[in-house]
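For reference, the structure is listed below as structure tokens.
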Amino acid sequence: MTATWNSWDVLANPAGLLLDTASHFRHPVTNASAFVFSALCALCLAAMYFMRVAIIEFQQEESGPPSKSPTL
């Protein structure tokens with residue numbers, strides 16, 4: 001059974017946290033749901049990022065190029 005970890009363990013017990021995390025990578029079939037969940041979260045974040053980039057570019061195209069003021 002694996003231990004429960006919280007954010008303080010990054011500072012208080014980093015070795016134990018890393019060893020527990022490494023066991024997940026050593027037994028990927030046993031922890032398949034964790035890998036699938038992580039992949040789905042990564043895909044959702046990537047989709048949100050690319051959607052935001054597309055929205056920004058679309059807004060810039062719609063407004064047109066910046067107008068140049070005449071120089072005096």
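As the structure is a prediction and not an experimental result, all values here were calculated from the model. If you read the sequence from its start, that first residue is 1, and numbering goes on from there.
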Whether Asp20 side chain and Leu17 backbone form a donor-acceptor pair below 3.5 Å: no
Distance-minimising heavy-atom pair for Asn13 and Gly16: OD1-N, 3.2 Å
Members sharing Phe35's hydrophobic cluster (side chains within less than 4.5 Å): Phe25
Any residue meeting ring-ring contact (aromatic ring centres under 6.0 Å, His included) with Phe37, in chain and number order, not counting sequence neighbours: none
Residues forming a side-chain contact (heavy atoms from CB on, under 4.5 Å) with Val53, sequence neighbours excluded: Tyr49, Glu57
Under 4.5 Å side-chain linkage, directly or through intermediates, the cluster mates of Leu11: Trp8
Contacts of Leu19 that satisfy side-chain contact (heavy atoms from CB on, under 4.5 Å) - sequence neighbours left out: none
Side-chain (Asn31) to main-chain (Ala34) donor-acceptor, under 3.5 angstrom: no
Between CG on residue Leu45 and CG on residue Leu40, distance to nearest 0.5 Å: 11.0 Å
Contacts of type side-chain contact (heavy atoms from CB on, under 4.5 Å), residue Ile56, not counting sequence neighbours: Arg52, Gln60
